Amino acid sequence: MQEKSKYSNKELMKRFFPYYKPYKKVLIIDLISAALTTVSQLVLPMLLSYLTDWAQLGLLDLPRVVKVAIIYAITKLIEIVARFIMQSFGHIMGAYIEKDMRRDVFTHLLTMDTEFFNETKIGQLMTRMTTDLNEITEFSHHVPEEFLVGAIKLFISFTVLLTINWKLALIIYALVPVMYIVSRKSRSKFRQATMDTKRQVGAINSGIEDTLLGISVVKSFANEDAEKRKFAKENQKFTTIKKIQYFAMASYFMVKDTFSGLMYTLLILVGGLFVIKSYISPGDLIAFTMYLNMLVATIERLINFTDTYERGATGIERFVEIMDLENEIFDHEEAEELSDVKGKIDFENVYFKYPGTGSDEDYVLEDMSFSIDVGENIALVGPSGGGKTTISKLIPRFYDVLDGSIKIDGVDIRDLTLESLRDNIGIVQQDVYLFSGTVKDNIRYGKEDASDEEIRQAAELAGAIEFIKDLPYGFDTYIGERGVKLSGGQKQRISIARVFLKNPPILILDEATSALDNKSEAIVQASLEKLSKGRTTLTIAHRLSTIINADEILVLTYDGIVERGNHKALLDNKGVYYNLYNSNNTDLFG
């Protein structure tokens, strides 16, 4: 089922036109140039009319021919220069507008909350930021140019045709409104088909991205044929939508060919009759024919231009759709900066469930309360789904609590600016994400203005300096997409170095060693112990080695916090923790 457009052309243009403002001088020059490109085209029919009539009257001589040639050469030179300005400055202006819109989309996407990216395919977003906005470059300068040139040619040709022979002009022009009405009916179908095509391109891009990012899984399960079938299904759907789009586009050409044929048929019949009756001279009929040809060509150009217009309008619509997305996590008007952080964290009667889940039974956290004192290392352990990782996501406000509050140094985190809150929190996760680039680039991500010496010190503290030295180019070694050239332990140590460089007062360790082998775990755990020293630390535990030295351990189950205490006290208590420890004393809750 086709998804209908949510915005009218008027609404879309109202949102788009402000992007012209920084370039209004360029736009004016572009439009003046566009207008001047019509000069020689408008002058030529009249010049040929004069030559024909002079020849018929026996008045044609060399001085008149030279004079006409000079006039035409001047107007043609004006057209050539104006077209150069239009095609260069106009396209450049369009590229700048595209750049500004892409900047705004990217900036807006960075403000969106975690849930948005959980629900949205990255391939779709990439299509909107590249293919869709690329159409706007053509749209942004061609639309004003084409409409201005079209209006000038239609007005002048109509005026001249009326002057030559108003009866013949009115007969011909009677077809124009009919032509407009018929073409407008097929326009909506074309726009809808164009929109559907763009959506399907996004779906294909998303599928390709998903397959290629998971290529190791695809190959390990020998599922290449399954991926081919999935791709073929989406590819075929794209072809079907394209067929609809091309049928809609063909209807425009049918309108063009039908009405241009009718106009020339009328011209031959009526024009020929008027020459016989001496209502019009042969020279005037030639001029009339050329102006009519210009009129038909202008109408054809405007009809053909609808393709560019609809692609651009669709790109604008998909741009507006993104810009109209509302973020659930935002700064309140009176939000204050978090500064001079001590690091005390309080959960007070917190209730939370993920967006889109059903009844109150789906609460992940229900009436959750606990505190982490300044500089204290608290570990959370428990079965999967008990809410450990959820707690780690609530502290930096990747999600907001539904009820209750989370406070840092006594201030509700919802009353703090997001930037200052997250600047004071360092997170080391199980699934490390490294950016394409060098080792140095990835460590420097923790502090953009860090010096090379600071980066080196952070790497030493993270226990990463030894393996970095062995890399082909040391800190300048390119590590590939997502750090593919590094081992899991190496990637984790770079992520820890990143946090060392950031130097936050609050630290969250979310199962940071659970995916590592024993040797790598020992190295990384030593780095984490150094990192957590002197910081308020929340550790989401997977293995015993990550929690045995914690100041306090909270045992979290589906019923909330069922036990709390240090490692020795919980073992002595012989409760839930004791049973879990004895069931697997090396891997608690995998």
Side-chain angles (χ1 to χ4, degrees), residues 3-7 11-12 15 100-133 136 195-196 198-214 234 314-333 335 350-358 362-365 385 387 389-403 406 413-423 425 427 429-436 445 482 508 510:
E3 185 178 340
K4 298 299 181 183
S5 174
K6 296 184 294 185
Y7 304 91
E11 290 172 318
L12 293 177
R15 298 286 292 274
D100 293 345
M101 295 178 77
R102 184 172 288 117
R103 172 204 63 204
D104 289 350
V105 170
F106 185 72
T107 301
H108 188 66
L109 286 174
L110 289 180
T111 69
M112 297 306 294
D113 54 59
T114 305
E115 184 61 21
F116 168 77
F117 293 101
N118 290 341
E119 297 294 328
T120 307
K121 294 181 177 180
I122 300 303
Q124 289 276 10
L125 296 177
M126 291 170 63
T127 298
R128 294 195 179 208
M129 291 188 65
T130 53
T131 306
D132 290 355
L133 289 182
I136 294 173
M195 175 70 82
D196 292 339
K198 289 184 179 296
R199 289 196 179 98
Q200 189 58 24
V201 168
I204 290 175
N205 286 348
S206 182
I208 293 171
E209 179 195 37
D210 202 31
T211 299
L212 296 184
L213 287 176
E234 293 300 323
T314 303
I316 294 172
E317 180 165 358
R318 285 165 66 79
F319 164 81
V320 170
E321 283 177 350
I322 291 244
M323 297 303 291
D324 282 352
L325 291 171
E326 294 184 358
N327 187 11
E328 299 295 328
I329 311 294
F330 54 88
D331 288 341
H332 295 291
E333 289 184 6
V350 169
Y351 287 80
F352 178 78
K353 63 180 177 180
Y354 285 97
T357 54
D362 294 314
Y363 277 111
V364 180
L365 303 178
T389 296
T390 297
I391 288 173
S392 73
K393 291 178 178 178
L394 290 175
I395 295 173
R397 285 192 71 198
F398 294 156
Y399 295 91
D400 269 341
V401 301
L402 299 180
D403 200 4
I406 301 172
I413 59 174
R414 289 169 295 189
D415 295 329
L416 300 170
T417 63
L418 285 168
E419 183 176 1
S420 67
L421 171 66
R422 293 169 183 172
D423 271 346
I425 299 173
I427 303 174
Q429 297 172 307
Q430 172 187 350
D431 185 15
V432 176
Y433 191 93
L434 297 183
F435 295 94
S436 176
Y445 203 78
R482 299 172 67 91
I508 297 174
D510 188 0

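The residues of the chain are indexed from 1 along the displayed sequence. What you see is a predicted model; the values in this text were computed from it and never measured.
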Report the C-alpha distance between Ile322 and Arg318 in whole Å, list the side-chain angles of each, state the deciding distance to 0.1 Å, and finish with yes or no for side-chain contact (heavy atoms from CB on, under 4.5 Å). CA-CA 7 Å; Ile322 291 244; Arg318 285 165 66 79; over 6 Å; no

Can you list the steps and then say if Phe319 with Val105 is a side-chain contact (heavy atoms from CB on, under 4.5 Å)? CA-CA 7 Å; Phe319 164 81; Val105 170; 3.1 Å; yes

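Rounded to the nearest 0.5 Å, atoms CZ (Arg422) and CD1 (Ile413) are 9.5 Å apart. For the atom pair CD1 (Ile395) and OG1 (Thr390), the distance works out to 11.5 Å, reported to the nearest 0.5 Å. Atom OG1 of residue Thr417 and atom NE2 of residue His332 lie 11.5 Å apart, to the nearest 0.5 angstrom. Put simply, CD1 on Ile406 and CZ on Arg397 are 10.0 Å apart, with the number rounded to the nearest 0.5 Å. For the atom pair CG (Asp104) and CG (Leu133), the distance works out to 10.0 Å, reported to the nearest 0.5 Å. To the nearest 0.5 Å, atom CG of residue Leu434 and atom OH of residue Tyr445 are 11.5 Å apart.
Ring geometry, Tyr399 versus Tyr354: the interplanar angle exceeds 60°, so the pair is classed perpendicular (tilted spans 30 to 60°).
Between Glu234 and Ile204, the shortest heavy-atom contact is O-CD1, 4.0 Å. Nearest approach of Pro396 to Ile508, heavy atoms of both residues: CD-CD1, 4.2 Å. For Asp324 against Arg15, the heavy-atom pair with the smallest separation is OD1-NH2, 2.8 Å. Nearest heavy-atom pair across Glu328 and Asp400 is O-OD2, 4.2 Å. Nearest heavy atom pair, residue Ser392 against residue Thr389, reads OG-O, 2.5 Å. Heavy atoms only, all atoms of each residue included: Ile425 and Leu421 are closest at CG1-O, 3.4 Å.
In this structure a side-chain-to-backbone donor-acceptor pair under 3.5 Å is missing from Asp113 to Asn327.
Outside the 6.0 Å centre-distance limit, the rings of Phe106 and His108 are not counted as a close aromatic pair.
For the pair Leu325 and Glu321, the minimum side-chain heavy-atom distance is 4.5 Å or more. Val401 is listed as a side-chain neighbour of Arg414, based on a closest heavy-atom distance under 4.5 Å. Residues Phe398 and Ile427 have side chains in contact (heavy-atom distance under 4.5 Å, counting atoms from C-beta outward). Counting heavy atoms from C-beta outward, Leu109 and Met129 have side chains that approach closer than 4.5 Å.
The local environment of CZ in Phe116 is crowded, with over 12 non-hydrogen atoms from other residues, nucleotides or ligands closer than 6.0 Å.
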